[in-house]
Amino acid sequence: MKPQALNIEIYGADIVCASCVNAPSSKDTYEWLQAAIDRKFPANEVTFTYIDIEQPIENEKQQDIANRIAEDEFFYPLVMINEEVIGEGYIQLKPVYAALEKYGYVTEIE
């Protein structure tokens, strides 16, 4: 059984979050996550989307999340998989990998 295609959204801004001292930038986190996930789960379908919270956003759901970040409900970078918050602020791979495995993603090519 092939796992469903997932969309990973990374919300962020050019300026590093004030609460995330010494953390990588949002754009660096996006690029790092994309490379790490593609390496660990090469045979699976993952779409990556970077949403700059300081730019106009046409998608209503994405704009709502950006507003919630601006209102300090979430830290950025914020990582969501299929509308579920997986991590915010200082992102770590273990919870992201666990979320992907929950959706049936495996490291072996079947």
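Values below: all heavy atoms of this structure, side chains included; hydrogens, waters and symmetry mates excluded.
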task = Please list all pairs passing the side-chain hydrogen bond (donor to acceptor under 3.5 Å, both in side chains) test where one or both residues lie in residues 46-55, with sequence neighbours left out.
result = N7-T49

key: Rounded distance (nearest 0.5 Å) linking atom CD1 of I81 with atom CD1 of I37   = 6.0 Å

ask   = Side chains of E84 and Y103: does their closest heavy-atom pair fall under 4.5 Å?
value = yes

query = Nearest heavy-atom pair of F48 and D38: which atoms, and what distance?
reply = CE1-OD1, 3.7 Å

ask   = Do Y105 and Y97 make the cut of ring centroids closer than 6.0 angstrom?
value = no

key: Audit row: E88, Y11, side chain to side chain contact (heavy atoms under 4.5 Å, CB included) steps and yes/no   = CA-CA 9 Å; E88 58 181 309; Y11 292 80; over 6 Å; no

key: Partners passing salt bridge (charged side-chain N to carboxylate O under 4.0 Å, His left out) against K27 (at least two apart in sequence or in another chain)   = none

request  = Sort out for me which residue in I51, I65, I53 forms a side chain to side chain contact (heavy atoms under 4.5 Å, CB included) with Y76.
outcome  = I53

message = If you define the side chain from C-beta out and look only at heavy atoms, does anything of I10 sit under 4.5 Å from L78?
response = no

query = At their closest point, which heavy atom of N82 faces which heavy atom of A5, and how far apart are they?
reply = ND2-O, 4.4 Å

key: Pairing of K61 and E9 as salt bridge, 4.0 angstrom limit   = no

query = Is there a donor-acceptor contact under 3.5 Å from the side chain of T29 to the main chain of P77?
reply = no

ask   = Less than 4.5 Å apart, any side-chain heavy atom of W32 and any of I91?
value = yes

query = For the atom pair CE (M80) and CD (Q62), what is the distance rounded to the nearest 0.5 Å?
reply = 9.5 Å

task = Determine, stepwise, if the pair L100 / F41 fulfils side chain to side chain contact (heavy atoms under 4.5 Å, CB included).
result = CA-CA 9 Å; L100 290 168; F41 302 101; 3.6 Å; yes

key: Side-chain donor-acceptor pair present, Q63, N67, cut-off under 3.5 Å   = yes

request  = Mind checking the OG-CG spacing from S25 to D14? Nearest 0.5 Å is all I need.
outcome  = 8.0 Å

